[in-house]
K.L.:
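I have a structure I would like to understand better, so I am pasting it below and will then ask my questions one at a time.
Everything quoted here is computed from the prediction, not taken from an experiment. Chain naming here is simple, since letters A, B, ... match the order of the sequence lines and numbering starts at 1 in each.
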Amino acid sequence: MTTLLYDGSFDGLFTAIFEVFEYRYQDVEIMNRENFQQKNMFAEVHEVVTQQEKSERVLNKLEKSIGKSGINDLLRVYLSEDNELEQLVLSVVRQSVKFPNDNVLKNFANDDILKISKICKSVSRERHRMTAFVRFKKMQDDVFFAKIDPDFNVLPLIRKHFKDRYADQKWMIYDLRRHYGLFYDLENCEFFYPDEKLDLNQYQEKFHDEEKKYQTLWQSYFTKTNIKERKNIKLHIQHVPKRYWKYLTEKH
Amino acid sequence: MNFDRTKEKLEILADAAKYDVSCSSSGGKRKNNGGLGDSSASGICHTYTEDGRCVSLLKILLTNHCIYDCIYCVSRKSNDIKRAAFTVEEVVDLTISFYRRNYIEGLFLSSGIFKDADTTMERLVRVAKKLRTEHNFNGYIHLKSIPGASDDLMNEAALYADRLSVNLEIPTESGLKLLAPDKNREDMLQPMRIVQKGIQQYKDEKKIIRSTPKFAPAGQSTQMIVGATNENDLQIIKVADHFYKNYGMKRVYYSGYIPVTVDNRLPAITAEVPVLRENRLYQSDWLMRFYGFKADEILDFNMPFLDLEVDPKLSWALRHLDQFPVNLQTADYKMILRIPGIGVKTAQKIVSARKFQVLSIDHLKKLGAAVNRAKYFIDFTYGNPFLKHLTDLNLRKLILSGSQSKFQNQFSQQLTLF
Ligand code: SF4
């Protein structure tokens, strides 16, 4: 058994996959270096150095059989942070080498493929919820700021959505769990990775003067638009799971 | 802005608008060109009320002053309630400020008829126009047209709004006469015709002139109140079918009547909201729009009401056992869609997975079918022991005892499958 250690990046993962074929490894496991503790003393360790060129060669080849949307699915698997993600992606590449003329992602009767389709569904759902449940708060410096804490790493998947939508206001979305964010300054929309965790202690004091008013108006709207006669809390919670409540203005 | 006053108005006018069930914000086609918002994507529900309905739009009335007296309506003139009216600026400000904070996808504006139809309609159009032209707002706008508004105003409304709707309110004309004496069906139909004509014309001109201004790109919808008068389900889905076909309707909504008035022409104030019936109507609607069913396949004169015990697709299957079993490996997609317990997505997965291998009942489960219902109607290449029940007189009972619907007691307008 050979263990390939990569740096946890998307390109790193595909570099590793390239090398599985390059070195003709049969019995392998690909692992994020961060998660690696050597348990199996007899395992051979292969260190992967991320090379975009290698990664692109795999991705281009793959795109011919599984299409752009297939690559997108693999990106979702990667962003799911699932602990089997490396093994699943490798499995797809192996299958597509075997059936170069078919889109193997459509073979839902295969266990790995089915798992992938489930992961994609969960990630997409989380992505969709983030487009819905992000709540911007206007700060004194006119930046609209939002905190998120999604179960999967979906920030890269919502960048375009927010960029297209809020072109005439500055905004920032910050992932509290993964400590990085997305910032739009009216021209560019880039990821940023602060050296230290953002300190959000005085967050509320930095609200724009009008911010509280609109929060209150939104809360009254939320209360008044409800129809008591049709109360259905079970359905409500199914749609808005409790773990999101702490970020929803209307739930305060 | 006088905050306290705005808050009070918002409370009154959101409360009065909440009975309109239309909530969709999909189908808009506006791209952002450096301004605020877009509505090119499919709709997003930003939150859900405690009754489980989605909130995607700021849904308010411009005013709840009304000169009419429709007895099913809280805003009717004979009702002794607090009245309020927003200014155009207030509505614009609320929409923009809520949108910037990602609370909403846009605005759904309707109004009591505070003066004649045209004056009221003109005010609604002014809000939309201001949002689009002065604020470069590309979010979703749905205007509720006022019955009797002039054709010119309707045409102007359609330039700024993504969707227009006129509510039919009561499914039958006689019912409408009884409950809304000031309204007539023809006044409701005329604006719908104008919008339909405009959309058609837009499509034609678009082919020749690329810069033709958008005309109600998300189409039109309507709503019927169910259970305020005594029409049957067959009448209701026939009306819906008629509007889908002849008015190019995008959506028909059904709203179970919520008692708001004591009046001997109406159900008692203690009557329960007919949520289950409403739910079955939505299911039938889905069958017509996505599953290829025709209105008179779902119900007929011998059976004018929907079965409350089983969903309409299962009910159809039980009445057409001769069409089953369906062979999973070879049947065409249309027929796979008719198997109880199989939704659109599962049907698509089946059709693509079966190219790779022969499917078994285990696969079916993994692909997301409700196997406890589906298994009685399918023929697998490997054979299927459950088929022996297909001719059983007690099949219906058997299925009911073996399947607890996922949706029991959860009546949503937005069922995804059944
Ligand atoms: S016209 Fe509209 S607002 Fe006025 S009473 Fe009738 S339904 Fe209500």
K.L.:
For A:Phe99, which atoms come within 4.5 Å of any heavy atom of chain B: side chain, backbone, both, or neither?
P.N.:
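Neither part.
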K.L.:
Could you state the interatomic distance from OH (B:Tyr48) to CD1 (A:Ile233), rounded to the nearest 0.5 Å?
P.N.:
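One gets 14.5 Å once the value is rounded to the nearest 0.5 Å.
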K.L.:
Among residues at least two apart in sequence or on other chains, which ones pass salt bridge (Lys or Arg N to Asp or Glu O under 4.0 Å) with B:Glu272?
P.N.:
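Listed in chain order: nothing, the list is empty.
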K.L.:
I need the residue from A:Arg129, A:Glu210, A:Glu211, A:Lys118 with the largest number of non-hydrogen atom pairs under 4.5 Å to chain B.
P.N.:
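Heavy-atom pair counts peak at A:Glu211.
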K.L.:
Between chain A and each of B:Thr47, B:Asn136, B:Leu367, B:Val273, count heavy-atom pairs under 4.5 Å; write down the option with the most.
P.N.:
B:Thr47
K.L.:
Partners of A:Lys206 by side-chain contact (heavy atoms from CB on, under 4.5 Å), sequence neighbours excluded?
P.N.:
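Expected list: A:Met139, A:Gln202.
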K.L.:
To the nearest 0.5 Å, what is the distance between CZ (A:Phe108) and CZ (B:Arg354)?
P.N.:
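If we round to the nearest 0.5 Å, A:Phe108:CZ and B:Arg354:CZ are 14.0 Å apart.
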K.L.:
Checking A:Asp102 against chain B: side chain, backbone, both or neither under 4.5 Å from a heavy atom?
P.N.:
side chain
K.L.:
Using a cut-off of under 4.5 Å on heavy-atom pairs, state which of A:Tyr244, A:Phe136, A:Phe222, A:Trp171 scores highest against chain B.
P.N.:
A:Phe136
K.L.:
If you count heavy-atom pairs within less than 4.5 Å of chain A, which of B:Arg101, B:Lys18, B:His46 leads?
P.N.:
B:Arg101
K.L.:
Between B:Leu36 and chain A, with a heavy-atom cut-off of 4.5 Å, which part of the residue counts as in contact: side chain, backbone, both or neither?
P.N.:
both
K.L.:
Heavy-atom pairs under 4.5 Å with chain B: which of A:Ile237, A:Leu186, A:Val240, A:Thr131 has the most?
P.N.:
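Looking at each of A:Ile237, A:Leu186, A:Val240, A:Thr131 in turn, A:Thr131 comes out on top.
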K.L.:
Sort B:Phe98 into side chain, backbone, both or neither according to what part of it lies under 4.5 angstrom from a heavy atom of chain A.
P.N.:
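Interface part for B:Phe98: side chain.
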K.L.:
Say you draw a straight line from CE of A:Met130 to CD1 of B:Ile44; how long is it, rounded to the nearest 0.5 Å?
P.N.:
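Here the interatomic distance stands at 12.0 Å.
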K.L.:
For A:Leu155, is there any backbone N or O sitting under 3.5 Å from a side-chain donor or acceptor partner on A:Arg159?
P.N.:
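Not at all, since once roles are kept as given, no pair shorter than 3.5 Å links the two residues.
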K.L.:
For B:Leu58, is it the side chain, the backbone, both, or neither that has a heavy atom closer than 4.5 Å to a heavy atom of chain A?
P.N.:
both
K.L.:
Quick one: what part of A:Leu114 sits under 4.5 Å from any heavy atom of chain B, side chain, backbone, both or neither?
P.N.:
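The answer is the side chain of A:Leu114.
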K.L.:
State whether the side chain of A:Glu126 and the backbone N or O of A:Val154 hold a donor-acceptor pair below 3.5 Å, judged by distance alone.
P.N.:
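Not a single qualifying donor-acceptor pair exists.
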K.L.:
Are B:Ser360 and B:Asp362 close enough that a side-chain donor and a side-chain acceptor fall under 3.5 Å?
P.N.:
no
K.L.:
Please report the shortest heavy-atom distance between A:Arg230 and B:Glu278, naming the atom on each side.
P.N.:
NH2-OE2, 2.8 Å
K.L.:
Select one option (side chain, backbone, both, neither) describing which atoms of A:Thr223 are under 4.5 Å from chain B's heavy atoms.
P.N.:
neither
K.L.:
Closer than 3.5 angstrom, by distance alone: can the side chain of A:Arg165 be matched with the main-chain N or O of B:Gly37 as a donor-acceptor pair?
P.N.:
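Judged by distance alone, no pair lies under 3.5 Å.
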K.L.:
Under a 4.5 Å cutoff for heavy-atom pairs, which residue among A:Ile113, A:Thr249, A:Thr225 has the most contacts with chain B?
P.N.:
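Answer, by heavy-atom pair count under 4.5 Å with chain B: A:Thr225.
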K.L.:
Heavy-atom pairs under 4.5 Å with chain B are the metric here; pick the option from A:Phe133, A:Tyr166, A:Trp218, A:Phe162 that has the most.
P.N.:
A:Trp218
K.L.:
Between A:Phe144 and chain B, with a heavy-atom cut-off of 4.5 Å, which part of the residue counts as in contact: side chain, backbone, both or neither?
P.N.:
side chain
K.L.:
Examine whether an atom of B:Glu11 lies under 4.5 Å from a heavy atom of chain A, and if so say whether it belongs to the side chain, the backbone or both; otherwise answer neither.
P.N.:
both
K.L.:
Go through the steps to decide whether A:Ser91 and A:Gln95 satisfy the test side chain to side chain donor-acceptor pair (under 3.5 Å), and finish with yes or no.
P.N.:
CA-CA 6 Å; A:Ser91 160; A:Gln95 291 185 51; 3.2 Å; yes
K.L.:
For each of B:Gly256, B:Ala14, B:Ser97, tally heavy-atom pairs with chain A at distances under 4.5 Å, and name the one with the top tally.
P.N.:
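It is B:Ser97.
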